[in-house]
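What follows is a set of notes on a single structure, which appears directly below.
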There are 2 protein chains.
Amino acid sequence: MGRRVDPERVARKREQITLEAGRLFSTRGYERTSVADIAHAAGVSPASVFYYFSDKAAVFRAIFERDLPAAEALVAAHAHTETPVAAILDVLSALARDAADPGASGMLVELLRRVEHDPELVAVVTRTAEVLTGGLAALVEQGIAAGDIDPSLDPAAAAAWLQAIVDATYLNARPGHSPLVELRRTVTGYLTPPLPEGDPQHD
Amino acid sequence: MGRRVDPERVARKREQITLEAGRLFSTRGYERTSVADIAHAAGVSPASVFYYFSDKAAVFRAIFERDLPAAEALVAAHAHTETPVAAILDVLSALARDAADPGASGMLVELLRRVEHDPELVAVVTRTAEVLTGGLAALVEQGIAAGDIDPSLDPAAAAAWLQAIVDATYLNARPGHSPLVELRRTVTGYLTPPLPEGDPQHD
DNA sequence: GTCTATACTCGGATAGAC
DNA sequence: GTCTATCCGAGTATAGAC
């Protein structure tokens with residue numbers, strides 16, 4: 001009658017393997033990281049990795065499964081605001097926070113590479129992306145309604161573009177240099193109405 | 001006494017192999033593309049590939065070797081202008097032109113991945129990047145001098161950031177969607193002085 | 001549950017004939 | 001120059017002992 005498996009122990013083991021795998025994938029790349037490498041880093045045997053994961057691709061997917069709750073929390077935290085543009089900047093800054101981390105850049109690159117070959121990975125990341133896109137699009141709509149954002153923008157398209165800009169900060173990450181200033185300046189410049197010659201003040 | 005090798009023929013063969021390799025690398029990825037795949041696509045044997053290239057990595061590098069003259073021509077064509085902001089937009093539009101090509105996104109990702117493991121590839125692409133950065137930085141300086149660009153911007157940093165925005169168009173590429181509108185809007189918004197409350201007119 | 005050992009496949013690169 | 005044939009190393013995944 002004793003419990004056969006300790007789900008908490010399993011979760012810890014998976015977490016441990018996932019952590020080491022993430023480090024290796026981000027630095028060496030997916031194909032150049034062998035399961036033996038992961039097992040060695042995690043202090044287990046290759047066979048144990050296959051006990052906790054169905055195959056190598058599943059190890060990679062596990063890294064991104066925890067992004068969904070984080071994205072939901074981020075969006076929820078800024079859903080109700082009276083300053084939509086500031087909220088957008090906060091969300092994007094949070095997303096770009098890790099850009100300075102040298103491994104994060106490599107991880108994004110590997111992700112972009114892998115999604116083309118792993119349909120299950122697509123399912124994992126599109127859910128996260130949809131949450132972010134939806135949240136950002138809603139904020140863009142609020143900004144338009146408040147008159148702070150150019151009404152000619154399509155909210156969904158703008159949200160996708162803003163995320164692409166954040167991704168670009170990862171790709172062009174340089175050590176010791178935070179992209180936050182450029183990011184803020186770019187985003188505000190993109191969202192703000194172009195002030196076509198004449199309506200300078202309205203208060 | 002006849003010439004033993006026909007350099008033009010060699011160039012054509014290399015070009016042919018490079019072309020097919022580029023297609024395969026961009027869709028399947030570097031590691032998942034075997035030399036046998038490239039040879040088959042080019043209609044030659046694997047051994048012939050190694051006759052024209054020292055190894056697989058050299059085939060990949062060859063794809064980017066022709067970018068340097070293109071970059072030099074692009075920069076030279078816009079070096080002397082009286083409308084620096086328009087020139088910058090032209091240069092960036094040209095760079096983003098290929099973003100519509102499906103596969104171009106994959107190629108960018110593969111490149112970013114490979115540079116971390118191939119020092120010779122770094123040498124190839126940094127020369128191209130330096131040409132572009134130098135040309136763009138010069139245009140930014142001219143724009144500042146002309147009063148069209150915010151003087152608080154650092155030309156070199158701005159040039160690097162502009163290239164990051166071009167990368168974003170690749171990441172945001174979707175079939176049937178031209179990135180040029182977002183690109184123009186984003187770049188002008190970034191470069192233009194922010195008009196801080198009070199100096200609406202100056203003529 | 002975790003290990004050792006291994007079956008099986010595949011890819012890069014070379015040798016040598018023509 | 002271009003081919004066929006092949007060597008060698010590596011990597012995923014599994015079988016089965018403990």
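Predicted, not measured: the structure shown is a model, and the values here were computed from it. In what follows, every chain begins at residue 1, and chains take the letters A, B, ... in the order their sequences are listed. Below, each value reflects all heavy atoms present in this structure, side chains not excepted, and no hydrogens, waters or symmetry copies.
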What contact category does B:Tyr52 fall into here, base, sugar-phosphate, or nothing, at under 4.0 angstrom with non-hydrogen atoms?
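Sugar-phosphate contact only.
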
Please report the closest heavy-atom contact between A:Gly22 and A:Met107, naming both atoms and the distance.
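Distance-wise, the nearest heavy atoms are O-SD, 3.7 Å.
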
Please report the distance, rounded to the nearest Å, between [atom1] in [X] and [atom2] in [N].
X       : N      : atom1 : atom2 : result
B:Phe60 : C:dG12 : CZ    : C1'   : 17 Å
B:Lys13 : D:dT2  : NZ    : C1'   : 8 Å
A:Tyr51 : C:dT2  : OH    : P     : 7 Å
B:Ile17 : D:dG1  : CD1   : P     : 13 Å

According to salt bridge (charged side-chain N to carboxylate O under 4.0 Å, His left out), does anything in residues 171-185 of chain B pair up with another residue at least two apart or in another chain? List the pairs.
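Matches after skipping sequence neighbours: A:Asp150-B:Arg185.
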
Tell me, which pairs form a side chain to side chain donor-acceptor pair (under 3.5 Å) where one or both residues lie in residues 28-40 of chain B, sequence neighbours left out?
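Found B:Arg28-B:Asp37, B:Ser34-B:Asp37.
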
Among all residues two or more places apart in sequence or in another chain, which pass the ring-ring contact (aromatic ring centres under 6.0 Å, His included) test with B:Tyr170?
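ring-ring contact (aromatic ring centres under 6.0 Å, His included) check on B:Tyr170 returns nothing, list empty.
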
Could you list the donor-acceptor pairs under 3.5 angstrom formed between side-chain atoms of residues 63-78 of chain B and any protein atom two or more places apart in sequence or on another chain?
from    : atom 1 : to      : atom 2 : distance (Å)
B:Arg66 : NH1    : B:Glu15 : OE2    : 2.5
B:His78 : ND1    : B:Leu74 : O      : 3.1

Validation: residues 129-149 of chain B side-chain donor-acceptor distances under 3.5 Å, sequence neighbours left out:
from     : atom 1 : to       : atom 2 : distance (Å)
B:Thr133 : OG1    : B:Ala129 : O      : 2.8
B:Thr133 : OG1    : B:Gln163 : NE2    : 2.7
B:Gln142 : NE2    : B:Ala79  : O      : 3.4

When you check the phosphate oxygens OP1 and OP2 of C:dG1, does a side-chain N or O of A:Arg12 lie under 4.0 Å from one of them?
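Checking A:Arg12 against C:dG1: no side-chain N or O falls below 4.0 Å of OP1 or OP2.
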
Contact string for nucleotides 3-18 of chain D, one letter per nucleotide 5' to 3', B = base within protein heavy-atom range under 4.0 Å, S = sugar-phosphate only, - = neither, reads BB------SSBBB---

